[in-house]
Asker: 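One structure is given below, represented as structure tokens, and several questions about it will come after.
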Amino acid sequence: MPVHNSDIADIFSEVADLLDIEGANEFRVRSYREAAQSIENLSSNIADLVDEDKDLTELHGIGESIADKIREIVETGKLEQLEEIKKRVPEDLIQLLNLSGLGPERVKDLYQKLSIKSLDDLKKAAKNEKIRELEGFGEKTENKIKKELERLGGEEEKRTKLIRAEEYAEPLVSYLDELEEIKKIIIAGSYRRRKETVGDIDILVTCSDSEPVMDRFVKYDDVEEVISKGDTKSSIRLKIGLQVDLRVVKEKSYGSALLYFTGSKSHNIKLRERAIDRDLKINEYGVFPEGKEKPVAGKTEEEVYDIVDLEWIPPEIRENRGEIEASENGKLPKLISLDDLKGDLHCHTTYTDGVDSIEEMARAAKDLGHKYLAITDHSKRVTVAEGLDAKELAKQIEEIDKINEKLNDFTILKGVEVDILEDGSLDLPDDILKELDIRVCSIHYKLDLSSEKQTRRILKAMENQYFNIWAHPTDREIHKRDPIDINMDKIMSEAAGRNICMEINSSPRRLDLNDIHSKMAKERGIKIAISTDSHTKDNLKNLKYGVNQARRGWLEADDVINTKSAGEIIKMMKK
DNA sequence: GCCGTTTTCGGCCCGACTGTTTTCAGTCG
């Protein structure tokens, strides 16, 4: 059973949480958290690095001790240290940390003084009004715990998909913006970094007077609960469960505040450390020389970066994944933008499970400013979509030729989304595949094969000369389906060697490849197709979500094939 | 536990809000 990066990261997070509750040195706890994050952010498979006997301490946040522990986990599947800690601290206490308002100190108190070991214990103690009797706790705290228990119902809180967050954040911003006191208003946080999911919404405001802004904020129609309200900071929870934080700062602090509230946290910490090296202090109000109260920068983000000798870094890559070093060395990527894309390379029509005809799809794409659209209906194995056999596909090819004659300055590419069967063969014979301009290959069945079998399946499929683009490579669906288990390192090496492209599927429920894998593909020289996998005309607009992901993966126009013309793409797909 | 163009020891990002306190610890982002 191969050990995944996320397994190792989870173990270290657990160690951190339990040590924290136990009252261990906070910096030691932080080390485990940072190691976990560092591993989570890693593009290559850490188990492979161990097999290759690489020096793990070269990774940021990983020293001798944690490197040993990683090796132990890879070799034995578990960490003895964690088993030991669990003997001292009940592991279910970690769930208590999910309740807003409960941190390690309070959880420790609850455990030591009331023998609370689980959410159930906590529920009972709250019901019997035992918690309010504890020193440092009170009636309000107890009530808050009760409320939180009810709200979460034992379920782990899920982050909200970006597209859904947009639906709620934008009207709220418009509502606030009606106030004449407001000068600037912007959504910061992971929303601005265009992360696929957001934990909450952070709104930053500059204004002439904060009082009416805060008042209006907490009176918003969709508010379920006011979590806090102050002069410069207020938090609410919307009825759908999404938390929104509002921060008000002065105009002269706008840049440093925006930087701070955009994050990521680890990016900011890196910047602050950099400032300390220069005898400066960065906070949300500006950049201050040691001991001075007058800021030397802060009005714009550029100013703040500049004063620590960095170029401005686009929000999407502020994840402490090497962007600060790149900025320092003038090596920041020139990130791709939606305007760079000339067309879309994956969609479906009424031939299979799409709802619009070939011509309707093509005209809609043209209206969006595209120069081409690849029609890639399913192959026969995908029976739920009534996938096409060779004969039906031949008929579609003929129809596309006819429609292409009618269209000016637009090309419909003849394609298919051919299924990769369990044995690694493609679902249609070569003699029909060769008639096409482009072939998108993907898996829809047997997603639960072992890593070894699944990897072999894809590697085998890639031997086919008509394997052009590997679509929605991991088959994950956000919050719904885990990625398939594969050795991505190995497959990407193969793809790179065979000039096979990989897809960033822009469907908001997929966004597959994700940001980390996109960056990994770029580093290996693999070209990417950003495609919508549209099943309706309207879906064609989703391309922007794929671009978000591509930007988060450091992709530049040159890394993405649909920045090229239709002619160039057809040429690239012929091998 | 990690890290190092002043360090192998002594630091480790920084501030707002809440509730329980009478000056602050805990939590959060």
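All chains are named by letter (A, B, ...) in the order of the sequence lines, taking the proteins before the strands, and each is independently numbered beginning at 1.
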Asker: Do you know which of Gln81(A), Lys87(A), Arg88(A) makes side chain to side chain donor-acceptor pair (under 3.5 Å) with Glu84(A)?
Answerer: Lys87(A)
Asker: Are any of Arg28(A)'s side-chain N or O atoms less than 4.0 Å away from OP1 or OP2 of dG1(B)?
Answerer: yes
Asker: Under 4.0 Å, counting only non-hydrogen atoms across every strand here, what does Ser100(A) touch: a base, just sugar-phosphate, or nothing?
Answerer: sugar-phosphate
Asker: Counting only side-chain heavy atoms from C-beta out, which of dG1(B), dA16(B), dC28(B) sits nearest to Lys69(A)?
Answerer: dG1(B)
Asker: If you check every side-chain atom of Ser31(A), which of dT18(B), dC12(B), dG1(B) has the closest atom?
Answerer: dG1(B)
Asker: Atom CZ of Phe288(A) to atom C1' of dC13(B): distance rounded to whole Å?
Answerer: 14 Å
Asker: When rounded to the nearest 0.5 angstrom, what distance separates CZ in Phe12(A) from CG in Leu79(A)?
Answerer: 6.0 Å
Asker: Is the cationic atom of Lys294(A) (NZ for Lys, CZ for Arg) positioned less than 6.0 Å from the six-membered ring centroid of Phe288(A) and within 45 degrees of its normal?
Answerer: no
Asker: How close or far is atom C1' of dA16(B) from atom CD1 of Ile227(A), stated in whole angstroms?
Answerer: 14 Å
Asker: From dG26(B), dC2(B), dC17(B), pick the nucleotide closest to the side chain of Arg106(A)?
Answerer: dG26(B)
Asker: Among the nucleotides dA16(B), dG15(B), dG1(B), which one has an atom lying closest to any side-chain atom of Ile66(A)?
Answerer: dG1(B)
Asker: Side chain of Asn25(A), heavy atoms from C-beta onward: which of dA16(B), dG1(B), dG29(B) has the nearest atom to it?
Answerer: dG1(B)
Asker: Once you apply a heavy-atom cut-off of 4.0 Å, does Glu139(A) come out as touching a base, just sugar-phosphate, or nothing?
Answerer: sugar-phosphate
Asker: Taking dC13(B) as the reference, what is the distance to dC2(B) when you measure between their P atoms (whole Å, please)?
Answerer: 16 Å
Asker: Identify whether any heavy atom of Glu273(A) sits under 4.0 Å from a base atom; if not, whether one sits that close to sugar-phosphate; answer base, sugar-phosphate or nothing.
Answerer: sugar-phosphate
Asker: Expressed in angstrom and rounded to an integer, what is the separation of Leu79(A) atom CG from dG1(B) atom P?
Answerer: 11 Å
Asker: Between dG15(B), dG1(B), dC13(B), spot the one nearest the side chain of Ile269(A), thanks.
Answerer: dC13(B)
Asker: Nearest to the side chain of Asn283(A), which nucleotide is it out of dG1(B), dC13(B), dC14(B)?
Answerer: dC14(B)
Asker: Nearest whole angstrom, please: distance from the P of dC28(B) to the NZ of Lys144(A).
Answerer: 7 Å
Asker: Determine the interatomic distance between C1' on dC14(B) and the same-named atom on dT20(B); round to the nearest Å.
Answerer: 24 Å
Asker: Which part of the nucleic acid does Lys229(A) contact within heavy-atom distance under 4.0 Å: base, sugar-phosphate only, or nothing?
Answerer: sugar-phosphate
Asker: What does Leu271(A) touch in the nucleic acid at a heavy-atom separation under 4.0 angstrom: a base, only the sugar-phosphate, or nothing?
Answerer: nothing
Asker: I need the minimum non-hydrogen distance between Ile21(A) and Lys108(A), along with the two atoms involved.
Answerer: O-CD, 2.9 Å
Asker: Name the closest nucleotide to the Lys233(A) side chain, picking from dT27(B), dA16(B), dG19(B).
Answerer: dA16(B)
Asker: Within the 3.5 Å criterion, strictly below it, is a donor on Asp245(A) or Ser235(A) matched to an acceptor on the partner's side chain?
Answerer: yes
Asker: Which nucleotide, dG26(B), dC13(B), dG1(B), lies nearest any side-chain atom of Glu105(A)?
Answerer: dG26(B)
Asker: Please determine if a side-chain N or O atom of Lys281(A) lies less than 4.0 Å away from the OP1 or OP2 oxygen of dG15(B).
Answerer: yes
Asker: Ignoring hydrogens and angles, tell me if any N or O in the side chain of Glu323(A) forms a donor-acceptor pair with the backbone of Arg321(A) under 3.5 Å.
Answerer: yes
Asker: Without decimals, in angstroms, what is the distance between Asn268(A) CG and dC14(B) P?
Answerer: 12 Å
Asker: Need one value for Leu280(A): base, sugar-phosphate or nothing, where a base atom within 4.0 Å counts as base even if backbone is also close, heavy atoms only.
Answerer: nothing
Asker: Separation of Glu22(A) atom CD from dG1(B) atom P, in whole Å?
Answerer: 12 Å
Asker: Taking atom P of dG26(B) as reference, at what distance in whole Å does atom CG of Leu97(A) sit?
Answerer: 14 Å
Asker: Expressed in angstrom and rounded to an integer, what is the separation of Glu26(A) atom CD from dG11(B) atom C1'?
Answerer: 12 Å
Asker: Report yes if at least one side-chain N or O of Thr141(A) is closer than 4.0 Å to OP1 or OP2 of dT20(B); otherwise report no.
Answerer: yes
Asker: By nearest atom, which of the nucleotides dC17(B), dC2(B), dG19(B) is closest to the Lys140(A) side chain?
Answerer: dG19(B)
Asker: Assess whether atom CD of Glu328(A) is packed by more than 12 heavy atoms of other residues, nucleotides or ligands within 6.0 Å.
Answerer: yes
Asker: Taking N and O atoms by type only, does the side chain of Tyr260(A) place a donor or acceptor under 3.5 Å from a partner on the base of dG15(B)?
Answerer: no
Asker: Using a 90° cut-off around 0 for syn, call dT7(B) syn or anti.
Answerer: syn
